[in-house]
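All chains are named by letter (A, B, ...) in the order of the sequence lines, taking the proteins before the strands, and each is independently numbered beginning at 1.
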Amino acid sequence: MVFPLTKLAQAKPEELGQKLGEFIQEKVADVVGFNVVKGFLNLVFSDDYWLSNMTQMMQQAQWGFAAPDSKPRMMVEYSSPNTNKPLHLGHLRNNFLGYSVAQILKANGHKVTKVQIINDRGIHICKSMLAWLNSGKNETPESTGMKGDKLVGKYYVEFDKQYKKEIQELMAAGSSEDEAKQNAPTMKAAQEMLRAWENGDAEVVALWKKMNAWVYAGFDTTYKRMGVDFDQLYFESETYLKGRDEVLKGIEKGVFFKKDDGSVWIDLTDEGLDEKAVLRRDGTAMYVTQDIGTAILRFEDYPDTVSQIYTVGNEQEYHFKVLFKILKKLGWQQSDACYHLSYGMVELPEGKMKSREGTVVDADDLMESMAAESRIVADEQGKLADLSEAEKTEVYNVIGMSALKYFLLRVDPKKNMMFNPQESIDFNGNTGPFIQYGYVRTQAVLRKAGEWKRANVEGLELNPYEKNLIQLLFSYPEAIAQAGIQFDPSVVAAFSYELTKTFNSFYQQCGILKEEDETRKSLRLQLTELTGQCIASSMLLLGVSMPARM
RNA sequence: GGCUCCGUAGUUCAAUGGAUAGAAUAAGCGUUUCCUAAACGUUUGAUAUGGGUUCGAUUCCCGUCGGAGCUACCA
């Protein structure tokens, strides 16, 4: 594009392009031609230039990736669910996104620590505990065969039902809505239980430990199936006190101030935000307080951390603005580099997911139904007939998960996205299975090729399909870098898709094993090998694995 | 009320201020004696609206309309 230079050069775009083109062609050996179209200068590079690039790419151990641990440590937080409700579709987007960004940062050379904060403290836990005590009949995951998170979730719903019923009754008896909400006996009991918990009441703490353990066991099963993991867990029940201490220290430094009623605040009006409370009148910690404590603890645990990435929904943008400002004022300069990886909601055709209205898409159910769907497709094709049942199930799972992960990650994280359960998730077109299929194809060709040599391909003339493929493979590092800068896996997803499509086109148009010229056959096999590697490694950045067959 | 984000084919998604706005899906047509047709080729179809800045705007600025979110001593 030569427009920006026209003023400087005092020339018309076409003339300038012509002159520039002539100059570059003369000075740069790899440029063998050019043309000028409407102010755009297009340079033509020689086939040997592309062939030598290909040879170079083949020699890399992991083409596209930066040297491991060559860049500073970044911490990525994701998942962090409430411990009283099972995981749903929104959590899937969160987990896949966080895990993928961690992978991408690693590929960019960063040291990465994957963390999660477990929200195991507060009134919400007490609600499930209370309902279980009242009507649980000592049910356990073992006695009911339910996953622990599902069982606890059941009692959370039970509590809510009872609570609503009591509000109705109180309102019928003449209370206002606010009064009814405050005076409902179950809510009072839950608050009482929270106080007992905070005071270390042995019975309450024991129950809390028991039920939390159920939930974690359930979550672990789900995480395993999702294919995500964490390097370190942080528990809110352990960090909220640290948060409070940091706030108390901050008062002395003049960062926070105390109001007459004893509550503690920070004034952020100079930053364009409001005043924000950080400790209640009674001195107890709030949500932000806990986050302050957790953030500082993490910086202390991993002093080489230059940035913390928080994978949390976009409804909390204000919260993180506040948090980062507070950290800055407390003297943590790293907060400038901290980033709220804010993502949009997954919407259903009928609107927002609401657990109370039963319109949630459960994570376990969805993953299961994706695997079931891929089983149906695969059985129709009958290509896996000779595999054992266990091997088949493994393949179905890998395909189902790829469809799901790719579906959620190919979209710009910042945007809300639509999920239609009826139409479900596709296995054709711009999808995970399409890309897996392309990969399987590369492996099948290589398998059938048997022994072959990487011939010196210098001097070959490239056809457009070969050239497109090389050019695209050559741009792989750029895609990884851009995804890292923008914290955006969709960039990688787009690359994988483009690569697969380009390979499929090449595969269709150019015989690989049929090619009679040995040198050209070697070139095409090399391209096939490199493409397979890049598809697999790029999809691994999304957390998607490749089946050997499908 | 104030603040933030979003609005692109029937539908789901793309496009560092640049070339003829790309894909997928749905619908139609074609391609398997040749490396697995979950593939390939091909036809139809879109920038909510009115202004502005610019050689050039889906992109930046202002207004209108429509959608979502935040604005707790909740988490």
D426(A) or N504(A), whichever maps to the more 5' nucleotide of RNA chain B: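 The residue whose closest nucleotide sits nearer the 5' end is D426(A).
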Restricting both atoms to N or O, compile the protein contacts to nucleotides 66-72 of chain B shorter than 3.5 Å, with distance only.
none

Counting only side-chain heavy atoms from C-beta out, which of rU25(B), rG7(B), rA19(B) sits nearest to K415(A)?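 Of the candidates, rG7(B) comes closest.
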Shortest side-chain distance from H124(A), nucleotide among rA39(B), rA75(B), rA24(B):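 The listed nucleotide nearest to H124(A)'s side chain is rA75(B).
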Hey, is the side chain of S342(A) poking within less than 4.0 Å of OP1 or OP2 on rC5(B), counting only N and O atoms?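 The answer is no; no side-chain N or O of S342(A) sits under 4.0 Å from OP1 or OP2.
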RNA chain B contacts made by residues 400-413 of chain A, counting heavy atoms under 4.0 Å: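 Contacts with RNA chain B under 4.0 Å: R410(A), V411(A), D412(A).
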Expected list for residues 379-387 of chain A: side-chain donor-acceptor pairs under 3.5 angstrom, two or more places apart:
unit_1, atom_1, unit_2, atom_2, d
D379(A), OD1, Y396(A), OH, 2.9
D386(A), OD1, R549(A), NH2, 3.0
D386(A), OD2, R549(A), NH1, 3.3

Whenever both distances are under 3.5 Å in a Watson-Crick or G-U wobble pair, mark it; put RNA chain B into dot-bracket that way, with [ ] for crossing pairs and | when the partner is on another strand. (((((((..((((....[...)))).(((((.......)))))....(((((..]....))))))))))))....
Please set out all donor-acceptor pairs under 3.5 angstrom arising from side-chain atoms of residues 463-470 of chain A, sequence neighbours excluded.
unit_1, atom_1, unit_2, atom_2, d
N463(A), OD1, Y465(A), N, 2.9
N463(A), OD1, E466(A), N, 2.8
E466(A), OE1, N463(A), N, 2.9
E466(A), OE1, R520(A), NH1, 3.0
E466(A), OE2, R520(A), NH1, 3.1
E466(A), OE2, R524(A), NE, 2.8
E466(A), OE2, R524(A), NH2, 3.0
N468(A), ND2, P464(A), O, 3.4

Less than 5.5 Å between centroids and less than 30° between ring planes, does F40(A) satisfy that with rG18(B)?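 Stacking is absent between rG18(B) and F40(A), given that the ring centres and planes do not meet under 5.5 Å and under 30°.
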So, for F434(A) and Y437(A), is the gap between ring centers shorter than 6.0 Å?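 No.
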Is there any protein nitrogen or oxygen under 3.5 Å from a nitrogen or oxygen in nucleotides 29-38 of chain B, and what are the pairs?
unit_1, atom_1, unit_2, atom_2, d
rC34(B), O2, K514(A), NZ, 2.0
rC35(B), O3', K448(A), NZ, 3.1
rC35(B), O2, L513(A), N, 3.1
rC35(B), N4, Y507(A), O, 2.1
rU36(B), OP2, K448(A), NZ, 3.0
rU36(B), O2', Y437(A), OH, 2.4
rU36(B), O2, K383(A), NZ, 2.7
rU36(B), N3, M550(A), O, 3.3
rA37(B), OP2, R441(A), NH2, 2.7
rA38(B), OP1, K383(A), NZ, 2.1
rA38(B), OP1, Y437(A), OH, 3.4
rA38(B), OP2, Q381(A), OE1, 2.0
rA38(B), OP2, Q381(A), NE2, 2.8
rA38(B), O3', N428(A), OD1, 3.3

